[in-house]
Colleague: 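Quick one: structure below, then a few questions.
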Amino acid sequence: MNRGIRRVALVLFGGFAALVLTLTWIQGVEASRYRDDPRNARLSLGRTGRERGPIVTADNVVVARSIADLADSRSFTRAYPEIERYAHVVGYASNLFGDVGLEASEGATLVSKQNSTISGLLTVLTGGDLRARGLRLTIDDDLQRVAEAALAGQRGAVVALDPRTGAVLAMVSSPSYDPNLLVGLDPAAGDTLAADPTRPLVARATAETYAPGSVFKIITAAAALETGAANPSTLFPDPVELELPGSTATIRNFDRQPCADGAAVSLGDAFVRSCNTTFGQVGMTLGSDTLVAQAEGFGFNSDVPFDLDVAQSVIPDDLGDDLPAVAQTALGQRDVRTTPLHMALVAAGVANGGTIMVPRLVDEVLDADGEVVGKREPVEWRRATSPATAAVLTELMERAVASGTGRRAAVPGVRVAGKTGTAEVPERPPHAWFAGFAPVGAAPQDRQIAVAVLVESGGEVGETATGGIVAAPIAGAVIAAWLGVAG
């Protein structure tokens, strides 16, 4: 074989090798990406030809269902009867935009197996049921409506949990959107929602992180109690402003006054009054490592196991000996960020004696006849504090509602525990927070609820907003509704 023929042969061999490698990559490594791309016509045909089971609330309100095409009973369209109320929880199943929310995470459960695949045939031969299965959520529709009404269209979120089980009782993100608009084949609907400056597609309860402000003082106080660095009676200096070492920066209280008499104040009183000067001192006393370790005990810097994607709550772990940074971090400012869901978990952990349960939206799996075929059981996530520390935190949080900054969360005849927060953000009004639970001391057979409320940029109040003024009343309304008390 002469040189020219060898060169041609090598080029042809190289071309075939590249073709084989490319096909192997596409069919092996990238197969799922191409298969699941919403632009795949086969995927679209498969979606419309396979029914999805219904999704219902704990009190049997249908929030998602499949509607058969009158002209073709083998073709189905997904519908969301409650429109915006559950958009950020249920999501949508769209031929054009893909699957989001529970429609994505629980798709394998919801979609019928009635197809021509080998697995489908085997299921039939073994007596299995190919029909679509449904889901019953942990959310109570009545409570969801109360939370939605209490938020009153303000940008923000409300999350309510059962502290003992982790079951989500209500989860509202505002503003919301109509998922029915995304089920069709009109790309303009998605473009319009994506371009909306209010960002209705963002699930603020789970997918957005915010500076927590003073609700983070629950964690700072927990660190002081767990390590023995301080107790509720421990006294701290009570200056008008706290000078930060090695810095020209200072920390002041919200009202620009001393926390108490200007001489000394106890940790307990400082918590009830939400005094920044005191908690800045507590943070510097604890140091970076202790503060971060306690926050991580509550799940910061870790992924939250949940039915939906959750943005990670973060606390910088590289503050070292930067005491001004540690002091500001202890107030829930600087670079601390969290989600409303996570702050509800923090409150739930305190209510549950220091143990945080895995949050969950799905309670039961239903067969096509509506019978229960699967039950999601409560699972412990982490031990955040000792029961003794949780008990002291509960006492402090109850005092904060009874006579402190959280008074507007009070519910007649109910022992409510909570903490307010007013988080400063650059060039915007402060975010208003509340995190708490009720009733304090609930018996095992009694209802109990943990709630976190966030209102972005002070909501309708704006610059003068505080967590006590804006967020606390919303939490109080949700607590009252769940416990059946007139607020």
Side-chain angles (χ1 to χ4, degrees), residues 156 208-224 236 239-257 259 267 270-271 273-296 298-301 311-340 342-343 346-347 400 405-406 419-435 452-458 463-471:
E208 188 89 335
T209 60
Y210 303 86
S214 291
V215 287
F216 189 82
K217 290 173 184 173
I218 298 172
I219 295 174
T220 303
F236 291 86
V240 172
E241 63 178 15
L242 176 65
E243 296 181 358
L244 300 178
S247 169
T248 58
T250 60
I251 289 176
R252 289 177 174 269
N253 296 319
F254 182 79
D255 60 2
R256 300 296 192 266
Q257 299 297 318
C259 185
L267 176 65
F271 185 94
R273 300 169 187 172
S274 197
C275 297
N276 296 333
T277 52
T278 306
F279 274 84
Q281 295 175 70
V282 173
M284 291 189 288
T285 299
L286 293 171
S288 172
D289 291 346
T290 299
L291 188 61
V292 170
Q294 185 62 71
E296 290 182 341
F298 276 98
F300 278 62
N301 296 340
Q312 192 177 97
S313 296
V314 296
I315 180 172
D317 57 5
D318 58 352
L319 299 178
D321 296 327
D322 187 349
L323 291 182
V326 175
Q328 292 164 343
T329 298
L331 308 180
Q333 294 287 172
R334 205 172 174 95
D335 296 321
V336 184
R337 294 292 183 274
T338 189
T339 62
H342 206 137
M343 286 316 303
V346 170
T405 59
K419 182 72 189 76
T420 59
T422 307
E424 297 178 3
V425 288
E427 301 178 356
R428 295 171 63 185
H431 298 320
W433 281 93
F434 181 89
V453 176
L454 162 80
V455 180
E456 282 187 13
S457 301
E463 292 286 351
T464 60
T466 66
I469 292 173
V470 177

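Computed from a predicted model, the values in this text were never measured in an experiment.
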Colleague: Only counting residues at least two apart or in another chain, list the ones meeting side chain to side chain donor-acceptor pair (under 3.5 Å) with E241.
Modeller: R252

Colleague: Once rounded to the nearest 0.5 Å, what's the spacing between atom CG of L331 and atom CD1 of I251?
Modeller: 4.5 Å

Colleague: Just by distance, do the side chain of R334 and the backbone of T329 share a donor-acceptor pair under 3.5 Å?
Modeller: no

Colleague: Hey, is the main chain of G467 close enough, under 3.5 Å, to the side chain of T422 for a donor-acceptor pair?
Modeller: yes

Colleague: Can you find a side-chain donor-acceptor pair between S457 and R428 that sits under 3.5 Å?
Modeller: yes

Colleague: Can you measure from CD (E208) to CZ (R337) and round to the nearest 0.5 angstrom?
Modeller: 10.5 Å

Colleague: How close do C259 and A270 get, heavy atom to heavy atom, and via which atoms?
Modeller: SG-CA, 3.9 Å

Colleague: Compute whether any side-chain donor of one residue and acceptor of the other, for T405 and S274, lie under 3.5 angstrom apart.
Modeller: no

Colleague: Please determine whether ring-ring contact (aromatic ring centres under 6.0 Å, His included) holds for the pair F298 and H342, giving the CA-CA distance in whole Å, both sets of side-chain angles, and the decisive distance to 0.1 Å.
Modeller: CA-CA 9 Å; F298 276 98; H342 206 137; 8.4 Å; no

Colleague: Calculate, to the nearest 0.5 Å, the distance between atoms CH2 and NZ belonging to W433 and K419 respectively.
Modeller: 13.0 Å

Colleague: For L242 and T250: C-alpha separation, side-chain torsions, deciding distance, then whether side chain to side chain contact (heavy atoms under 4.5 Å, CB included) applies.
Modeller: CA-CA 5 Å; L242 176 65; T250 60; 6.0 Å; no

Colleague: Is a donor from one side chain sitting under 3.5 angstrom from an acceptor on the other, for S214 and K217?
Modeller: yes

Colleague: So which of F271, F236, F216 actually passes side chain to side chain contact (heavy atoms under 4.5 Å, CB included) with F279?
Modeller: F271

Colleague: How long is the gap from CD on Q281 to CG on L244, to the nearest 0.5 Å?
Modeller: 10.0 Å

Colleague: Mind listing the side-chain donor-acceptor pairs of residues 286-294 below 3.5 Å, one per line with the distance, residues two or more places apart or on another chain?
Modeller:
| from | atom 1 | to | atom 2 | distance (Å) |
| --- | --- | --- | --- | --- |
| T290 | OG1 | L286 | O | 3.4 |
| Q294 | NE2 | A384 | O | 3.1 |

Colleague: Go through the structure and list residues passing side chain to side chain donor-acceptor pair (under 3.5 Å) with E456, not counting sequence neighbours.
Modeller: R204, Y210

Colleague: Return yes when atom CG of D255 has more than 12 non-hydrogen atoms of other residues, nucleotides or ligands closer than 6.0 Å, and no otherwise.
Modeller: yes

Colleague: Measure the spacing between CD of Q328 and CG of L319 and express it to the nearest 0.5 Å.
Modeller: 10.0 Å

